[in-house]
Novice: 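What follows is a structure written as structure tokens; I'll ask about it next.
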Protein chains: 2
Amino acid sequence: MSTALERFSINQMTVKQLSMPELVEACVALEIGNVGLWREPVQSYGVEATAKLVRDAGLTVTTLCRGGFFTAIDPEERARALADNRRAVDEAATLGTDTLVLVSGGLPPGSKDLHGARERIADALAELGPYAERHGVRLAIEPLHPMYASDRCVVSTLTQALDLAERFPAHQVGVTVDTYHIWWDDTAPEQIARAGAGGRIHTFQLADWTTPLPEGVLNGRGQIGDGSIDMREWKGYVEAAGYTGPIEVELFNEELWARDGREVLAETAQRFVRNVIS
Amino acid sequence: MSTALERFSINQMTVKQLSMPELVEACVALEIGNVGLWREPVQSYGVEATAKLVRDAGLTVTTLCRGGFFTAIDPEERARALADNRRAVDEAATLGTDTLVLVSGGLPPGSKDLHGARERIADALAELGPYAERHGVRLAIEPLHPMYASDRCVVSTLTQALDLAERFPAHQVGVTVDTYHIWWDDTAPEQIARAGAGGRIHTFQLADWTTPLPEGVLNGRGQIGDGSIDMREWKGYVEAAGYTGPIEVELFNEELWARDGREVLAETAQRFVRNVIS
């Protein structure tokens with residue numbers, strides 16, 4: 001692996017047009033040693049088969065995305081969510097990653113109660129945390145940008161994520177630090193320090209902020225260097241907080257998905273070197 | 001004026017399909033006593049003419065929207081922005097409102113420096129505040145939702161807005177509390193208390209949060225009651241902080257703009273009574 005890419009990890013979603021074998025092959029060809037995987041393509045290819053594929057290629061799986069969606073009120077729905085999250089933990093363990101990223105869930109239909117929804121996340125973590133620990137997996141609560149608060153994730157800031165995580169041991173529950181979601185927040189640097197001091201930075205992800213945002217605001221995450229975020233600054237914050245782990249680039253971007261996946265992977269690695277490392 | 005609508009103010013943008021005389025006529029017909037105006041339609045109709053129109057109809061102008069856009073680096077651009085803001089103060093004074101809402105501006109092209117942009121806002125306020133005071137106008141910094149941080153307003157939270165405002169006397173600079181921008185923020189209630197204690201809640205505005213957000217995320221503000229925000233809860237916070245002034249409904253919404261303006265105005269007043277007052 002090249003030194004400049006030593007800490008680089010490609011999140012599978014960035015190049016979702018690549019099949020699992022194509023992704024692994026392209027990583028090997030580009031001397032990329034780390035990948036973050038998503039449950040749906042892993043399940044399609046088969047969990048054991050994916051584990052073997054990446055292991056045989058010498059790749060490290062840095063995270064599995066994603067568990068979560070803990071905010072339902074209905075007891076049956078909650079039980080189903082917990083069961084599904086236990087399967088996600090199992091899959092993470094099978095893939096050999098120690099980190100399961102959590103997108104916690106939005107408001108249930110008709111509800112306006114953000115506080116109640118956040119408390120239901122804590123209830124779920126109390127059940128899932130010990131299960132994850134027994135399987136050697138850490139849960140990483142990801143605060144999502146406040147524009148997702150109603151329909152995707154009621155945890156909108158690192159402060160809120162840490163307030164939740166700190167109710168549990170750090171080896172059970174920590175946080176995902178993703179530049180896209182927190183770059184606007186001037187309290188985030190001190191929260192990164194708080195997370196680092198507690199050993200709770202379980203993964204560090206990058207995406208750039210570009211406008212105009214597309215309809216639905218899901219698939220407009222910018223290629224590194226194209227937007228408003230100073231990546232070196234944020235890398236500096238997590239490093240000052242003691243984080244020395246992989247740095248995952250996770251882009252949801254229709255334009256990137258429309259291009260050749262290998263070309264996008266090569267470009268993303270170059271952008272990482274140019275805007276984050278050098 | 002009906003008692004239920006005593007504190008209701010219709011922000012002109014909500015029914016921008018109405019001409020200035022149509023708006024005033026519709027307000028009188030519906031016993032709505034307060035309007036928030038925007039500079040562009042006021043300038044089109046004429047500042048003096050608008051002042052006379054609303055005064056003759058017995059309407060109160062609760063705010064003028066908007067000044068701001070203080071984040072440019074180029075000295076000439078900064079001078080132009082300040083000159084334009086002095087004109088906005090003059091217009092507010094002519095219209096008889098004591099409150100000019102400020103949208104502070106985004107990142108200049110190519111810049112990734114949110115902190116620097118926020119400091120340039122403070123520099124501008126130091127010049128504009130005394131000018132506004134001499135004209136009997138208070139500046140109301142509006143924190144905009146973090147999804148606007150790069151291209152519209154680097155002030156994303158009430159905390160940031162108050163950190164800026166408190167460098168100046170409260171009768172010069174306060175804040176705009178708008179539910180649409182802050183509803184996701186669990187620190188906002190304590191910041192409203194902070195703002196109230198300092199006499200800095202200069203206006204209180206409502207819009208509801210609905211998804212999916214439209215492309216560009218500008219014109220998807222939901223009609224009161226259609227979304228995720230508990231309006232009574234937020235009214236409770238500002239009232240507990242001592243705010244007893246008008247409550248402005250300001251919606252940017254393509255679907256509402258496509259309908260008959262008088263019908264939308266009547267509906268908005270009804271929604272206000274149903275979801276905010278009763």
Side-chain angles (χ1 to χ4, degrees), chain A residues 106-119 143-157 159-161 163-164 179-189 208-220 222 225-234 275, chain B residues 106-119 143-157 159-161 163-164 179-189 208-220 222 225-234 275:
Chain A
L107 289 172
S111 170
K112 301 177 197 276
D113 180 12
L114 289 170
H115 177 76
R118 290 174 189 137
E119 286 306 306
L144 255 56
H145 193 285
M147 68 188 177
Y148 302 117
S150 70
D151 56 0
R152 198 154 292 262
C153 184
V154 295
V155 180
S156 303
T157 61
T159 305
Q160 292 171 347
D163 287 350
L164 278 168
T179 56
Y180 190 76
H181 299 300
I182 63 169
W183 75 282
W184 56 272
D185 181 1
D186 59 355
T187 71
D208 213 337
W209 183 267
T210 52
T211 57
L213 293 165
E215 184 185 354
V217 301
L218 270 183
N219 301 328
D226 280 354
S228 303
I229 305 178
D230 185 335
M231 297 297 168
R232 284 189 193 83
E233 181 185 344
W234 291 98
N275 294 281
Chain B
L107 289 172
S111 170
K112 300 177 197 276
D113 180 12
L114 289 169
H115 176 77
R118 290 176 188 135
E119 286 305 306
L144 254 57
H145 193 285
M147 67 188 177
Y148 302 117
S150 70
D151 56 1
R152 199 155 292 262
C153 184
V154 296
V155 180
S156 303
T157 61
T159 304
Q160 292 171 347
D163 287 350
L164 279 168
T179 57
Y180 190 76
H181 299 301
I182 63 170
W183 76 280
W184 56 272
D185 181 1
D186 59 355
T187 72
D208 213 338
W209 182 268
T210 53
T211 56
L213 293 165
E215 184 184 354
V217 301
L218 269 184
N219 301 327
D226 281 354
S228 303
I229 306 178
D230 185 334
M231 297 297 168
R232 283 189 192 81
E233 182 184 345
W234 291 97
N275 295 280

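Throughout, a chain's letter reflects where its sequence line sits, starting with A, and its residues are numbered from 1.
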Novice: With no hydrogens and no angle check, is any side-chain donor or acceptor of A:Lys112 less than 3.5 Å from a backbone partner on A:Leu107?
Specialist: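 No.
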Novice: Checking heavy atoms, do the side chain of A:Pro214, its backbone, both or neither come under 4.5 Å from chain B?
Specialist: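 Only the backbone of A:Pro214 comes within 4.5 Å of chain B.
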Novice: Answer with side chain, backbone, both or neither: which region of A:Thr157 has an atom nearer than 4.5 Å to a non-hydrogen atom of chain B?
Specialist: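 Side chain of A:Thr157 only, per the 4.5 Å heavy-atom cut-off to chain B.
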Novice: Is any side-chain heavy atom of A:Leu213 less than 4.5 Å from a side-chain heavy atom of B:Met147?
Specialist: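 The answer is yes; the side chains approach within 4.5 Å.
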Novice: Going by heavy atoms in the side chains, are A:Ser228 and A:Trp184 under 4.5 Å from each other?
Specialist: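 SC-SC contact between A:Ser228 and A:Trp184 ruled out.
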Novice: Within the side chain of A:His145, is there an N or O that forms a donor-acceptor pair under 3.5 Å with the backbone of A:His181?
Specialist: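 Not a single qualifying donor-acceptor pair exists.
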Novice: Using a 4.5 Å cut-off on heavy atoms from C-beta on, say whether the side chain of B:Trp183 contacts that of B:Asp208.
Specialist: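 B:Asp208 does not reach B:Trp183 side chain to side chain.
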Novice: Name the region of A:Asp151, side chain, backbone, both or neither, that has any atom closer than 4.5 Å to a heavy atom of chain B.
Specialist: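 For A:Asp151, the contact with chain B is made by the side chain alone.
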Novice: Could you tell me if the side chain of B:Arg152 sits less than 4.5 Å from the side chain of B:Leu218, heavy atoms only?
Specialist: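 In contact.
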Novice: Could you have a look at A:Val154, A:Asp185, A:Thr211 and say which one has the most heavy-atom pairs with chain B under 4.5 angstrom?
Specialist: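 When all of A:Val154, A:Asp185, A:Thr211 are compared, A:Thr211 has the most.
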Novice: Among the options A:Ser150, A:Ser156, A:Ser111, pick out the one with the most heavy-atom pairs lying under 4.5 Å from chain B.
Specialist: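 Most heavy-atom pairs within the cutoff with chain B belong to A:Ser150.
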Novice: Hey, which of B:Thr210, B:Thr187, B:Asp186, B:Val217 has the most heavy atom pairs under 4.5 Å with chain A?
Specialist: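 Of B:Thr210, B:Thr187, B:Asp186, B:Val217, B:Asp186 has the most heavy-atom pairs under 4.5 Å with chain A.
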Novice: What part of A:Leu114 gets closer than 4.5 Å to chain B, counting heavy atoms only: side chain, backbone, both or neither?
Specialist: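 Just its side chain gets close to chain B.
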